[in-house]
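Below is one structure, written out as structure tokens; the observations come after it.
Atom set for the values below is all heavy atoms of this structure, side chains included, hydrogens, waters and symmetry mates excluded. A quick note: this is a predicted structure, and the numbers were derived from the prediction, not measured. Residue indices begin at 1 and follow the sequence shown.
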Amino acid sequence: FFSSLGIDGHPLDYVHNTAKEMMILVIALVSATVAFRSLFSCNALIVLPRGSNRNLHRASAGLSSTPFRRHIITSSLNSSPDDSVSDAIDSPILRSLYDPLPTRIDCNGTASNENNTTEVPKWVNKVTSGTLATEEGSPHELYFEVHHRLSFDNSTQDYSTARQQRGLVGLVLHGGPGAACYPKHTQFFSPGLYEYVVLLDQRGCGRSTPLGEVTFNRLELLVNDVEMLRQHLVKEGLIDKWIVEEENEQLIQSTQPRNHHPWDVILGGSWGCTLAMAYAFTHPNSVRAMVLRGVCLFREKEIDWLFGNPPESSAVTPRAGVGKTLNLRDLAGGSTSVSMATPPATMTTLEEIERQSVAAQLFTEQWKEFSSGVQHVENNKRSVLHSYYHRLLGTDANSRYKAMRAWFRWEMGIYGNGFKKSEDSNEDKNRLLVWDPSRASWVFEDAQVHNQKSVASICVDNSSSGHEEILRSLRRFSTSSSSHTSSKIDENVLEPLPIEDTIAARTESKVEDIKQPSSKNGNGNTFDPTTYIPAQAMLTCYYSVNDEYCIHPFDSFLSINPPPSIPLSSWYSSKLPPSSESESYGSSISPDLPFPLPPTIAIQGGDDAICPADTALDLHNVWDQLELRIALKSGHSMYDPVIAGEIVKSLERFGHSLMMGEEADVY
């Protein structure tokens, strides 16, 4: 959410404990040189002030520099865990994002900074931006960026595209609907493995135009956009490794079923998971692997969870058992052996889950504010959502502005609080519950790794027992929630709900009188609410109200409810992801059989209240080869330390496997 607003990281990153920094400093001063070096390898979580020379400069004209405000000590500037570093450490570490790469290069090839000093980083970032027109009649023009990582060539003393082995191509699909991509998203990808990272602002999002536009905006068209972008990059030669040598044209044309230019890995988060799944389902030969975060399939029950009215008889006061993972310390922490013979008395029961099927029942104060002044329609569980639909998409700026503020307060109230309770403060934040498809069993892991180059979390319990109650406690949706049926939908009768203009009450201050400094830059511009387009609120609301229209024809696939004539495995199966052990890179990826989906690793926060774990677990139930990694005490943010580390490690696992050439002849 903060990323969608252009904010680097979470605000809590600015208030990390100074006491820990002071303690580390004292230890460093009294330690020997070896201990000193070891200290900086152990990667304690520290927030450091960033110098201006470490700013991430955007290459696109007119874009301001974006400081990388959060830094976890895992590597020096522009280095990576792939570099040659000492493995000798005193304790395990959490993996983190890669440092931002400088993009401003002076004439002699060295990176410049605002202090007029020069340094020679190992990697620099060449950013090419562009726009892409959509289908005839559509007003949308898509904005994209290609981030090309160039390495420093000692022989030429310049940055070069030459590599011993060409790197991979990654694609980022942002969330929302209605969010956007940002340069920080590239920091999940190792420069040593991923030579290119492509960012795409979806229709009506970010720097795509028109901002917030809902016409010609549905999932099927977004899928087409992703494929059109891939073909455009091939045609225009914007990715060197995809440039086809002229003498090989005839050879390639003779192998028509083969696709020589797939996305190597797609990283999709939240709504981006929905788009990634639909794209892979439609174009199975155009993507080699996927990493999903905050699993969302935009099912009816997911929308009703977040925006549905609470049942009339629901309680209006929060209960002590609201945190479904309250007792994870007893279930999965404190000991490597887990006994579930007697579940704790305070564990949320399935009966309680049945009574709490929407977020409004848990976040009662936030919902009260969100639904105040809104007409509730009997037998319409989405009447509050529909009211915001008319306000956000109507023409009255006053109404839209007030609705936008209330919308973000509701979403942020859930995003920031999650399911966490104060009793969880001493919980082990690094604990993972992992479905290991190679073993066909659940295992408990610690998100830390043994050294900076490791991509294998530490296994703390590889037994197949003790997970059942935890998995039940993670579920939030009512088992009686309605869902899409697999009956055939006549798309000729599908259309979005008509928008009715709603005029906001004028008893409060008019938005025309509200002016505040712009958060986008410091040049003195003011924020004008009469012209502001809250694209994320508008598009999320539009897709949520018109879900059947917007998701068709993927409704049966995304609702995990194929017609009876279609076996589950023909829709939900894949090759296994590569092993996390370095000696096994690539061993699990083989071209023996065609599959409908690529190898995939899904990363889910156990405390995610925006996209609860239900969808990830439902997908796991039908897709045995999916590796599901549940960070039990993490929420929805991709910048959560554990979630971020899991994304980085998953991308590296696929990167090493694909770079070894195990799939060179698959497509």
Side-chain angles (χ1 to χ4, degrees), residues 80-82 87 92-95 165 167-168 170 188-190 192-194 262-267 280 287-293 295 336 430-464 467 572-595 597-604 616 619-620 623-631 642-667:
S80 76
D82 300 310
D87 291 343
I93 59 174
L94 274 176
R95 291 291 298 279
Q165 184 178 2
L168 304 173
F188 291 93
F189 296 81
S190 163
L193 294 172
Y194 293 88
W263 304 108
D264 289 305
V265 182
I266 290 179
L267 171 60
V287 52
R288 304 172 76 185
M290 292 193 299
V291 176
L292 308 178
R293 185 272 313 169
V295 180
T336 56
N430 299 331
R431 193 58 56 97
L432 299 167
L433 180 57
V434 179
W435 171 256
D436 184 346
S438 64
R439 300 178 182 176
S441 65
W442 291 96
V443 297
F444 290 100
E445 294 183 6
D446 189 302
Q448 298 178 104
V449 296
H450 290 289
N451 57 63
Q452 293 181 357
K453 295 193 291 184
S454 174
V455 292
S457 298
I458 300 171
C459 182
V460 295
D461 183 8
N462 58 8
S463 66
S464 59
H467 63 274
Y572 313 100
S573 62
S574 66
K575 291 170 283 187
L576 295 178
S579 168
S580 61
E581 301 298 333
S582 59
E583 63 269 21
S584 302
Y585 282 143
S587 61
S588 299
I589 297 182
S590 61
D592 298 336
L593 296 171
F595 288 96
L597 295 171
T600 302
I601 299 174
I603 301 158
Q604 176 67 41
L619 195 58
H620 153 73
W623 186 1
D624 289 339
Q625 301 86 1
L626 171 70
E627 181 175 324
L628 176 56
R629 307 183 65 81
I630 304 175
V642 175
I643 296 288
E646 290 301 307
I647 295 174
V648 169
K649 289 186 290 186
S650 298
L651 289 171
E652 288 188 22
R653 285 171 57 187
F654 281 126
H656 282 289
S657 177
L658 297 173
M659 287 285 282
M660 286 185 67
E662 290 291 332
E663 287 204 330
D665 297 322
V666 178
Y667 299 98

Checklist line | Validation row: Pro578, His656 side chains within 4.5 angstrom (heavy atoms) | finding: no

Item checked: Shortest non-hydrogen separation from Gly192 to Met659 and the atoms involved -> O-CE, 4.4 Å

Next item on the list: Using side chain to side chain contact (heavy atoms under 4.5 Å, CB included) as the criterion, list what pairs up with Ala280, not counting sequence neighbours.
Entry: Val287, Met290, Leu597, Pro598

Note to self: Quick check: closest heavy atoms across Ile601 and Arg629, and the distance to 0.1 Å?
What the structure shows: CG2-CD, 3.8 Å

Check: Ignoring hydrogens and geometry, is there a side-chain-to-backbone donor-acceptor pair from Arg653 to Ala456 under 3.5 Å?
Finding: no

Checklist line | Donor-acceptor contact present, side-chain Tyr194 to main-chain Val265, <3.5 Å | finding: no

Item checked: Pairing residues for Asp436 by the side chain to side chain contact (heavy atoms under 4.5 Å, CB included) criterion, not counting sequence neighbours -> Ser438, Arg439

Next item on the list: Determine whether His620 and Trp442 make a side-chain contact, defined as any pair of heavy atoms from C-beta on separated by less than 4.5 Å.
Entry: yes

Next item on the list: Not counting sequence neighbours, which residues clear side-chain hydrogen bond (donor to acceptor under 3.5 Å, both in side chains) with Ser573? List them please.
Entry: none

Item checked: Taking every non-hydrogen atom, the tightest pair across Asn451 and Val449 -> O-CG2, 3.2 Å

Note to self: To the closest 0.5 Å, what do you measure between CZ (Arg288) and CG (Asp264)?
What the structure shows: 5.0 Å

Margin query: Do Leu168 and Phe654 have side chains that approach each other closer than 4.5 Å (heavy atoms only, starting at C-beta)?
Written below: no

Check: Would you say the side chain of Asn430 lies within less than 4.5 Å of the side chain of Ile458, judging by non-hydrogen atoms?
Finding: no

Checklist line | Spacing of OG belonging to Ser650 relative to CZ belonging to Arg293, to within rounding of 0.5 Å | finding: 13.0 Å

Next item on the list: Can you measure from CD (Glu646) to CD (Glu445) and round to the nearest 0.5 angstrom?
Entry: 7.5 Å

Note to self: Give me the atom names and distance for the closest heavy-atom approach of Gln604 to Ala616.
What the structure shows: OE1-CB, 3.9 Å

Checklist line | Side chain to side chain, Ile93 and Gln448, heavy atoms closer than 4.5 Å | finding: no

Checklist line | Residue pair Leu626 / Tyr572, side-chain heavy-atom distance below 4.5 Å | finding: no

Item checked: Heavy-atom side-chain contact between Val460 and Arg431 under 4.5 Å -> yes

